[in-house]
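See below for the structure under consideration.
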Amino acid sequence: MKEQYLKRAELFVEQVAANNELFGLFDETLGWANCHAHDNKDATAVYLFWSDAALAEKLKSEEWANYKVEPIALEVFFESWLDGMQKQQVFAGVNWDEELCGLEIEAMVLKNALIEKFQVDDADVEVEPEATEAV
């Protein structure tokens, strides 16, 4: 099972880096969808994020039935979310399934994974040297 969760987390990083946005479930009265940590006793809560709006939509049942799928710009996530989550020991649950199962990731670990993804992608882009004609 953990391998499946890891693959979903890797997909999250790839898709968020490619699309520059992620998604959460939001209610104007109750705020962002979150739950208690399953695996990390140090976490005060786990906020849930998805790389695809359709994945978030699947969790709109029972306690989150009235929540709306809301996009979060990656820039805003970096500047406003991750540092605050780390300070408050709030973990990120990324691409969790309908049974609320998935990896619980420390905010700085997620931030570093996204930064690393951008660095790898930048390194993969090679600039072709201009062709020079022999005279």
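Everything numeric here is computed off the predicted structure, so don't read it as measured data.
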Asn20, CG atom: more than 12 neighbouring heavy atoms under 6.0 Å: yes
Heavy-atom check, side chain of Asp83 versus side chain of Met108, under 4.5 Å: yes
Neighbour count >12 (heavy atoms, 6.0 Å) for atom CD, Glu75: no
Nearest-0.5 Å distance, CG of residue Leu103 to CG of residue Leu110: 10.5 Å
Distance in Å, Ile105 CD1 paired with Lys111 NZ, rounded so as to fall on 0.5 Å steps: 15.0 Å
Test item: Phe23 and Phe49 side chains (from C-beta on) under 4.5 Å apart, heavy atoms: no
Test item: Trp50 side-chain N/O and Trp96 main-chain N/O as donor-acceptor pair under 3.5 Å: yes
Whether Asn95 side chain and Arg8 backbone form a donor-acceptor pair below 3.5 Å: yes
Point-to-point distance, once rounded to the nearest 0.5 Å, from OH of Tyr47 to CH2 of Trp81: 7.0 Å
Side-chain donor or acceptor of Glu70 paired with backbone N/O of Phe26 under 3.5 Å: no
Trp32 backbone acceptor or donor facing Asn34 side chain under 3.5 Å: yes
Main-chain N/O of Glu21 paired with Asn19 side-chain donor or acceptor, under 3.5 Å: no
Check ion pair Lys58-Asp97 (N to O, under 4.0 angstrom): no
N-O pairing of Glu10 and Lys7 below 4.0 Å: no
NZ on Lys117 to CG on Leu114, rounded to 0.5 Å: 10.0 Å
Rounded distance (nearest 0.5 Å) linking atom CG of Leu59 with atom CG of Leu100: 5.5 Å
Pairwise distance OG1(Thr44) to CE(Met85) - rounded to 0.5 angstrom: 9.0 Å
Side-chain donor/acceptor of Lys60 to backbone N/O of Tyr67, under 3.5 Å: yes
